Amino acid sequence: MKTTTLYKSLQRSISAASVIGLISFGQSATAEKAADGNYKIDPAHTSVIFSINHLGTSELVGRFNTLEGNLKLMPKGDSTVKVTIDTASIDTNHKKRDDHLRGPDFFNARQHPEITFVSDKVSYTDNGEPETIEGKLSLHGKKNPVTLAVTAIGAGKDPWGGYRSGYRASTTIKRSDYGMTYMADGIGDEITITLNIEAIKQ
């Protein structure tokens, strides 16, 4: 009986320690400010998601599967952000629709194979985390100013000896501003874009 009681007591202690350890790790991961410097976007852990109204009854959600980019994070210096997306990598989980979206009615991926965002200005919070990114979005042969609202997710060393930082950035654009007006009576004009970025310090 004494052995069983001791075993159960040890189990409770180990479980409590594990929970405390996990909580502490989570707090340190989210609390750490990203180190200044140059970062390369990790495409395997980065996503570009968009949503648009369909027929006034639902939100169609899609993504782009191929992208690359770089960040230069310098709160007291010159910061830059550049993201390049492969237009043909659009994916809405429906082949026939995706083929149509790649065509001239929408993105015209053959003529405009890349979507790019290049920053003009990066603004930071008092804690030195990026808060907004102003820049130019080039899409479908048009270039317009956009502002991304940014939330820092976390930063720290990874298990392979590197250092990573992560962000969520979002904006809303009008497709008509980029000359994409096909089926304006059935498909919404506003597109909400969210980038979930994980980047590796160089």
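Just so you know, these numbers come straight off a predicted model, no measurement behind them. Starting from 1, each residue takes its place in the sequence as its number.
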> Is there a side-chain contact between Asp120 and Lys136, using heavy atoms and a 4.5 Å cut-off?
Replying inline: yes
> Leu67 versus Val48: any side-chain heavy-atom pair under 4.5 Å?
Replying inline: yes
> So which heavy atom on Asn65 is nearest to which on Arg63, and how close?
Replying inline: OD1-NE, 2.7 Å
> Roughly how far apart are Leu71 CG and Ser165 OG, rounded to 0.5 Å?
Replying inline: 6.5 Å
>> Could you walk me through whether Ile193 and Ile173 satisfy the side-chain contact (heavy atoms from CB on, under 4.5 Å) test, starting with their C-alpha distance in whole Å, then the side-chain angles of each, then the deciding distance to 0.1 Å, before giving a yes or no?
In response: CA-CA 8 Å; Ile193 302 170; Ile173 65 171; 3.9 Å; yes
> Is the count of non-hydrogen atoms from other residues, nucleotides or ligands lying under 6.0 Å from Glu190 atom CD greater than 12?
Replying inline: no
>> Testing the basics here: between Lys201 and Asp36, what is the closest heavy-atom pair and its distance to 0.1 Å?
In response: CE-O, 3.1 Å
> Between Asp105 and Arg102, does at least one N-O distance fall below 4.0 Å, as a salt bridge requires?
Replying inline: no
> Is Asp98 paired with Lys95 through a side-chain N to carboxylate O contact shorter than 4.0 Å?
Replying inline: no
>> With side-chain contact (heavy atoms from CB on, under 4.5 Å) as the criterion, how do Leu137 and Lys143 come out once you've worked through the C-alpha distance, each side chain's angles and the decisive distance to 0.1 Å?
In response: CA-CA 5 Å; Leu137 177 67; Lys143 183 187 290 187; over 6 Å; no
>> Quick check: closest heavy atoms across Tyr163 and Ala155, and the distance to 0.1 Å?
In response: OH-CB, 3.7 Å
> Of the options Ile187, Leu139, Thr181, which is the one that meets Arg175 in a side chain to side chain contact (heavy atoms under 4.5 Å, CB included)?
Replying inline: Ile187
> Which distance, rounded to the nearest 0.5 Å, do you find between the CD of Glu134 and the OG1 of Thr171?
Replying inline: 11.0 Å
>> Whether the side chain of Ser119 engages the backbone of Gly135 through a donor-acceptor N/O pair (distance < 3.5 Å, no angle test) should be reported.
In response: no
> Could you go step by step and tell me if Thr92 and Arg97 meet the side-chain hydrogen bond (donor to acceptor under 3.5 Å, both in side chains) rule?
Replying inline: CA-CA 7 Å; Thr92 64; Arg97 177 172 56 227; 2.8 Å; yes
> Step by step, would you call Ile41 with Val83 a side-chain contact (heavy atoms from CB on, under 4.5 Å)?
Replying inline: CA-CA 8 Å; Ile41 289 176; Val83 180; 3.9 Å; yes
> Between atom CD1 of Ile90 and atom CG of Leu101, what is the distance when rounded to the nearest 0.5 Å?
Replying inline: 4.5 Å
>> Which label fits Phe64 and Phe50: parallel for a plane angle under 30°, tilted from 30 to 60°, or perpendicular past 60°?
In response: tilted
> Backbone N or O of Val122 within a donor-acceptor pair of the Ser79 side chain at under 3.5 Å?
Replying inline: no
> Can you hop from Val81 to Met74 via hydrophobic side chains spaced under 4.5 Å?
Replying inline: no
>> Starting from Val118, can I reach Ile115 by hopping between I/L/V/M/F/W/Y residues whose side chains sit under 4.5 Å apart?
In response: no
> Taking only residues two or more places apart in sequence, or in another chain, which ones meet Asp177 in a salt bridge (Lys or Arg N to Asp or Glu O under 4.0 Å)?
Replying inline: none
> Is there a donor-acceptor contact under 3.5 Å from the side chain of Ser89 to the main chain of Thr66?
Replying inline: yes
> Looking at side-chain heavy atoms only, is the closest gap between Glu114 and Asp86 below 4.5 Å?
Replying inline: no
> Can you list the residues that meet the ring pair (Phe, Tyr, Trp, His ring centres under 6.0 Å) rule with Phe106, with sequence neighbours excluded?
Replying inline: His100, Tyr182
> Do Asn144 and Tyr178 pass the side-chain contact (heavy atoms from CB on, under 4.5 Å) test, and can you show the C-alpha distance, the side-chain angles, and the key distance before you say yes or no?
Replying inline: CA-CA 8 Å; Asn144 290 304; Tyr178 296 86; 3.3 Å; yes
> Out of curiosity, Lys121 NZ to Thr132 OG1, how far, rounded to the nearest 0.5 Å?
Replying inline: 7.0 Å
>> If I compare all heavy atoms of Lys33 with all of Glu129, which pair ends up nearest, and what's the gap?
In response: CA-OE2, 3.2 Å
> Hey, are the side chains of Asn53 and Glu59 touching, using non-hydrogen atoms and a 4.5 Å cut-off?
Replying inline: yes
>> Starting from Ile191, can I reach Val61 by hopping between I/L/V/M/F/W/Y residues whose side chains sit under 4.5 Å apart?
In response: no
>> As an exercise, state the distance from OG1 of Thr87 to CD of Gln111, rounded to the nearest 0.5 Å.
In response: 11.0 Å
>> Nearest 0.5 Å, please: how far is CG in Asn70 from CG in Leu73?
In response: 11.0 Å
>> If hydrophobic clusters are built from ILVMFWY residues whose side chains come within less than 4.5 Å, do Ile49 and Ile85 share one?
In response: no
>> Going by ring pair (Phe, Tyr, Trp, His ring centres under 6.0 Å), name the pairs with one or both residues in residues 116-162, residues two or more places apart or in two chains.
In response: His112-His140
>> Assigning hydrophobic clusters by single linkage (Ile, Leu, Val, Met, Phe, Trp, Tyr; side-chain heavy-atom cutoff under 4.5 Å), is Tyr39 placed with Ile200?
In response: no
> Is any NZ, NE, NH1 or NH2 atom of the basic residue among Arg164 and Asp158 found under 4.0 Å from an Asp or Glu carboxylate oxygen of the other?
Replying inline: yes
> Does His54 offer a backbone N or O that forms a donor-acceptor pair with the side chain of Thr57 under 3.5 Å?
Replying inline: yes
> Can you name the closest pair of heavy atoms from Asn38 and Lys72 and give their distance?
Replying inline: OD1-CG, 3.2 Å
>> Quick check: closest heavy atoms across Ala152 and Tyr167, and the distance to 0.1 Å?
In response: CA-CD2, 3.7 Å
>> Atom CZ of residue position Arg110 - does it have more than 12 heavy atoms of other residues, nucleotides or ligands inside 6.0 Å?
In response: no
